[in-house]
Every structure is written in C-alpha cells, then in structure tokens.
Amino acid sequence: VGESIETLVDLSLTDFPCLKQDSVVNCNSVYETTLPELIDKVEDGGRSFIEKLPKNKILEIIKGVLMSKQVSSEHKKWLI
C-alpha cells in the first residue's frame, strides 16, 4: 500500500525468546484497548509475557508507527 519497509519491524527469537518463530510487527495497524479489556483477553486464554522487548526494537516499532501513512495523527501523538 505504498508504505515504507521501515513500517515493518522484524522480531527474532533472539530479540524475544517467547516467540515460537521469527515474526514481523506491522506498524501500519494500531489497536486501542482498556486495561480491563486486556485483562479479560489474558484471562480468556490470551498470552501475556513477562519478558520485555529490547529497547532498540521498541524504538523501531515507534519509528514505524510514526512513519506510517495509515496510523492516525491522534494515535501518533501518544508516542511522542
């Protein structure tokens, strides 16, 4: 859809050992949820992780969201 390759962030098993395989974060889609909704998802069988993403990967994801033409300005404001 004409987006920059930088809106896709690779995550390897080295970056995040909880993954079952190497993965990609698509920074062109953001999802909003409340804390109670998130808790419900985890209680209904969703996964939660104790491990944290490395800071460099978090920064790449933020950069990707900010570069995306598909993410609203309102959502981008939350990151700056």
Side-chain angles (χ1 to χ4, degrees):
V1 188
E3 289 290 349
S4 166
I5 191 73
E6 291 177 308
T7 62
L8 302 175
V9 177
D10 292 323
L11 289 180
S12 70
L13 297 173
T14 305
D15 298 320
F16 200 57
C18 294
L19 296 173
K20 293 182 180 182
Q21 62 189 25
D22 289 348
S23 301
V24 174
V25 175
N26 180 348
C27 300
N28 296 301
S29 300
V30 295
Y31 301 93
E32 198 173 324
T33 189
T34 65
L35 183 56
E37 289 171 337
L38 185 60
I39 291 169
D40 287 344
K41 286 181 184 181
V42 171
E43 288 176 346
D44 287 339
R47 299 246 352 228
S48 64
F49 300 101
I50 296 172
E51 294 85 357
K52 294 182 180 179
L53 281 173
K55 186 173 183 173
N56 67 314
K57 290 297 175 177
I58 293 170
L59 294 174
E60 284 182 48
I61 293 168
I62 291 170
K63 179 180 178 183
V65 170
L66 293 174
M67 290 184 71
S68 175
K69 298 173 189 167
Q70 298 178 45
V71 176
S72 72
S73 297
E74 189 63 33
H75 283 106
K76 290 178 182 181
K77 286 180 190 176
W78 296 347
L79 298 175
I80 10 183

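Side-chain atoms are counted along with the backbone in the values below, which use heavy atoms only and exclude waters and symmetry mates.
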### Message
In the structure I gave you, are the side-chain heavy atoms of V25 and D10 within less than 4.5 Å of one another anywhere?
### Response
no

## Note on the structure
Residue set satisfying salt bridge (Lys or Arg N to Asp or Glu O under 4.0 Å) with K63, at least two apart, ordered chain then number -> E6

### Query
Got a sec, which residues hit side chain to side chain donor-acceptor pair (under 3.5 Å) with N26, two or more places apart in sequence or on another chain?
N28

### Message
If the condition is salt bridge (Lys or Arg N to Asp or Glu O under 4.0 Å), which residues does K77 pass it with, not counting sequence neighbours?
### Response
E74

### Query
Linking Ile, Leu, Val, Met, Phe, Trp and Tyr by side-chain heavy atoms under 4.5 Å, what else ends up with L35?
I39

### Query
Is any side-chain heavy atom of V71 less than 4.5 Å from a side-chain heavy atom of C27?
no

### Query
With N56, which residues qualify under side chain to side chain contact (heavy atoms under 4.5 Å, CB included), at least two apart?
P54, E60

## Note on the structure
Taking every heavy atom of L53 against every heavy atom of I61, the minimum-distance pair comes out as CD1-CD1, 4.0 Å

### Query
To which residues is L8 joined in a hydrophobic cluster, defined by side-chain heavy-atom contacts under 4.5 Å among Ile, Leu, Val, Met, Phe, Trp and Tyr, whether direct or through other members?
I5, V24

### Query
Going through the checks in order, is the side-chain contact (heavy atoms from CB on, under 4.5 Å) test met by V65 and L79?
CA-CA 9 Å; V65 170; L79 298 175; 3.4 Å; yes

### Message
Between S23 and Q21 (side chain of the first, backbone of the second, donor and acceptor by atom type, cut-off under 3.5 Å), is there such a pair?
### Response
yes

#### Entry: Interatomic spacing from CG in D40 to CD in E37 - rounded to 0.5 Å
7.5 Å

### Query
With no hydrogens and no angle check, is any side-chain donor or acceptor of K52 less than 3.5 Å from a backbone partner on F16?
no

### Residues that D15 engages under side chain to side chain donor-acceptor pair (under 3.5 Å), provided they are two or more places apart
S12

### Query
With sequence neighbours left out, what residues match S73 under side chain to side chain donor-acceptor pair (under 3.5 Å)?
none

### Query
E32: what forms a side chain to side chain donor-acceptor pair (under 3.5 Å) with it, not counting sequence neighbours?
H75

### Query
Would M67 end up clustered with V30 when hydrophobic side chains under 4.5 Å apart are linked, directly or stepwise?
no

### Summary
With sequence neighbours left out, the residues meeting side chain to side chain contact (heavy atoms under 4.5 Å, CB included) with L59 are K55

### Message
On a heavy-atom basis, which atom in S68 and which in K76 lie closest, and how many Å separate them?
### Response
O-NZ, 2.5 Å

### L13 backbone acceptor or donor facing K20 side chain under 3.5 Å
no

